[in-house]
Amino acid sequence: MGQLDPQPAPRRQTRLDRYHDLYAERTKGLKASAVRSLFAVANRPEVVSLAGGMPNIADLPLDFVADTAAKLIRERGPQAMQYNGAQGEDRLREQICEVMAVEQIQANPDDVILSCGSQQALDLITRTFIEPGDVILAEAPSYVGALNTFQAYQAHVVHVPTDDDGLIPEAVRQAVVAVRATGRRVKFCYTIPNFCNPSGVTQTVARRRELLEVADQTDLLLIEDNPYGLLCLDHGPLPALRAFDHERVIYLGSFSKTFAPGFRIGWALAPHAVKEKLILAQEAATLCPPVFSQFLISEYLANWDWLGQIETFRTMYRARRQALLDGLDEHMPGGLTWTRPGGGFFVWVTLPEGLDSQAMLAQAVTHRVAYVPGTGFYADGLGTRNMRLSFCFPTPEDIFEGTRRLGDVVVDALTVARTFGLTAPTEGPDS
Ligand SMILES: Cc1ncc(COP(=O)(O)O)c(C=O)c1O
């Protein structure tokens, strides 16, 4: 072709995404997080967001953290900003054992592996255990971030029912038997025993013991995800599942809710052999968790009253939980129910038959309030009549106002549903 010949026109794109055919099979079922797609609207100042799960870290000792960070860089910079081992710093792993002792866990620092938030520990565990098609039992409803990870590794999630006392051990046994009868493998059972995200429900200690018995009898591995256990608002911390059993439980912890999520430090405490596998997985995934963050958290634990700081957080969250529960009591019409969590960040609302939380969301945002619809917390499409409301971030006054706005949205939706005969008329004074 001569210099002045026209260039061939670029081939017209026939698909929106030119890489569509190259993506791995495992990406096909991945959904945008309902929370993420909401963030843009929910973060507008005029909207009261009962949607996000961002910890409220305004009460952190920022001057202390700033001084510690500066000192670290000045005095140990070359080490703190270097690569390090995949398992994480020895000193921090020892300190983490002291943190876990608050929940009656006796652990050897050698069995702790650090991760980029407990989210990454979930990923490492899933990639270590799951072959496509393997079954994971997960309490219903379950943390959306865990479900996404399970989906990413093409696990088949089978939900197990919970009630006001948490995961039902007998239902776990039945689920294991039923899955095995079909010739499939159950790789583990995922549970959040304390102040579950999204339900707010806590598993009783009696149930924990029963669950471990079932795990023993059915030869089942339990994943205990526990980012909220120390944010208990009505009583002291409960003993973790891992406190009763060293071999059947992989425990996940995090500094995201008790210190700050931005440092991205969580951990797994695993039976010895499993830990070795997780270290290999960690090497492949990130080489090592962030070293500077590890050093900083280590200094924080050594030189700040971290338990006192958690008490400060508890006082702050208690007022917010009260505002949410008072607001719901005052503003919701009859026919709805909700959980009354003893800690954590979340309340789980069940709407009357005929209402759909996803369909209601646009109306809610128009009324300047946001929540997370329940379907994201199930792998099987349930949850249309549920909403997750969080009480962690806005002020108590805003939370209360948010429930007023939400009450109006629900009343409107109920009126429409009744007009079209979609829901039974509700008894009660405020129906
Ligand atoms: C139940 C549960 N597990 C794990 C995580 C991940 O936390 P991180 O990765 O910040 O430790 C969260 C975050 O909200 C959560 O709610």
Side-chain angles (χ1 to χ4, degrees), residues 48-61 99-105 118 139 141 143 162-167 191-208 224-241 243 251-261 304-332 337-349 371-372 387-403:
V48 174
S49 176
L50 304 175
M54 278 197 304
N56 193 325
I57 54 177
D59 289 333
L60 274 181
V99 173
M100 290 190 293
V102 177
E103 291 176 309
Q104 301 179 31
I105 293 175
S118 51
E139 64 190 6
Y143 167 52
T162 55
D163 60 18
D164 290 346
D165 291 339
L167 184 59
T191 177
I192 307 165
N194 292 309
F195 322 123
C196 173
N197 176 4
S199 68
V201 164
T202 292
Q203 190 177 42
T204 60
V205 176
R207 279 271 177 95
R208 292 176 196 218
E224 175 178 28
D225 189 7
N226 188 34
Y228 303 102
L230 296 187
L231 295 180
C232 35
L233 305 181
D234 298 333
H235 46 68
L238 295 180
L241 282 168
Y251 172 97
L252 306 184
S254 173
F255 288 109
S256 290
K257 324 291 174 181
T258 52
F259 182 44
W304 192 260
D305 174 14
W306 57 272
L307 274 171
Q309 182 65 43
I310 291 176
E311 198 48 58
T312 304
F313 283 142
R314 285 184 189 133
T315 306
M316 182 263 303
Y317 288 129
R318 210 172 275 129
R320 284 165 163 75
R321 175 190 62 173
Q322 199 58 45
L324 182 57
L325 293 176
D326 287 351
L328 290 172
D329 286 341
E330 178 138 345
H331 299 125
M332 286 302 143
T337 57
W338 52 87
T339 55
R340 294 185 170 267
F345 288 177
F346 306 108
V347 167
W348 185 242
V349 178
Y371 59 83
V372 184
M387 307 187 271
R388 188 193 76 177
L389 305 183
S390 62
F391 55 83
C392 43
F393 207 75
T395 61
E397 295 70 31
D398 282 351
I399 291 175
F400 193 78
E401 169 60 16
T403 61

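Just so you know, these numbers come straight off a predicted model, no measurement behind them.
- In this structure, CG in L324 is found 6.0 Å from CD1 in I399, a value given to the nearest 0.5 Å.
- With sequence neighbours excluded, the residues forming a side chain to side chain contact (heavy atoms under 4.5 Å, CB included) with T202 are N194, F195, R208, L238, listed by chain and number.
- Distance CH2/W348 to CG/N197: 9.5 Å, rounded to 0.5 Å.
- Every residue meeting the side-chain hydrogen bond (donor to acceptor under 3.5 Å, both in side chains) condition with S254, not counting sequence neighbours, appears here in chain and number order: S256.
- When all heavy atoms of D225 and S118 are compared, the closest pair comes out as OD1-OG, 4.3 Å.
- The distance from the OH atom of Y143 to the CD1 atom of I192 is 8.5 Å, given to the nearest 0.5 Å.
- Nearest heavy-atom pair, P396 versus A323, reported as atom, atom and distance to 0.1 Å: O-CB, 3.4 Å.
- With sequence neighbours excluded, the residues that form a salt bridge (Lys or Arg N to Asp or Glu O under 4.0 Å) with E401 are R404, R405.
- In this structure T403 satisfies the side-chain hydrogen bond (donor to acceptor under 3.5 Å, both in side chains) test together with H331, sequence neighbours excluded.
- The two residues G200 and P341 come nearest to each other via the heavy atoms O-CB, 3.4 Å.
- Y228 meets the side-chain hydrogen bond (donor to acceptor under 3.5 Å, both in side chains) test with no other residue; sequence neighbours excluded.
- Annotation: side chain of I57 is in contact with side chain of P261 (closest heavy-atom distance under 4.5 Å).
- Side chain of Q203 to backbone of L167: a donor-acceptor contact under 3.5 angstrom is found.
- In this structure, L241 and P193 approach most closely via the heavy-atom pair CD1-CG, 3.9 Å.
- The shortest distance between side-chain heavy atoms of W338 and L325 falls below 4.5 Å.
- For R321, the salt bridge (Lys or Arg N to Asp or Glu O under 4.0 Å) test picks out D234, with sequence neighbours left out.
- With sequence neighbours excluded, the residues forming a side chain to side chain contact (heavy atoms under 4.5 Å, CB included) with C392 are Y317, F345, S390, listed by chain and number.
- In plain terms, the two heavy atoms of G402 and V48 that are nearest each other are CA-CG1, 3.8 Å.
- Residues V99 and T258 have side chains not in contact (no heavy-atom distance under 4.5 Å, counting atoms from C-beta outward).
- With sequence neighbours excluded, no residue forms a salt bridge (Lys or Arg N to Asp or Glu O under 4.0 Å) with D164.
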| message | Could you go through E103 and N226, starting from their C-alpha distance and side-chain angles, then the distance that decides it, and tell me whether this counts as side-chain contact (heavy atoms from CB on, under 4.5 Å)? | response | CA-CA 10 Å; E103 291 176 309; N226 188 34; 2.8 Å; yes
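- Checked by atom type and distance alone, the side chain of T162 never pairs as donor or acceptor with a backbone atom of E139 at under 3.5 Å.
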Side chains of residues 306-313: which donor-acceptor partners sit under 3.5 Å, not counting sequence neighbours?
from	atom 1	to	atom 2	distance (Å)
Q309	OE1	W304	NE1	3.3
Q309	NE2	D59	O	3.2
E311	OE1	R314	NH1	2.6
T312	OG1	G308	O	3.1

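- Looking at residues two or more places apart in sequence or on another chain, you find a side chain to side chain contact (heavy atoms under 4.5 Å, CB included) between T337 and T350.
- Under the rule for a salt bridge (Lys or Arg N to Asp or Glu O under 4.0 Å), R320 has no partner lying at least two apart in sequence or in another chain.
- When all heavy atoms of R388 and G53 are compared, the pair lying nearest together is NH2-N, 4.0 Å.
- Partners of Q104 by side chain to side chain contact (heavy atoms under 4.5 Å, CB included), not counting sequence neighbours, listed by chain and number: P239, A243.
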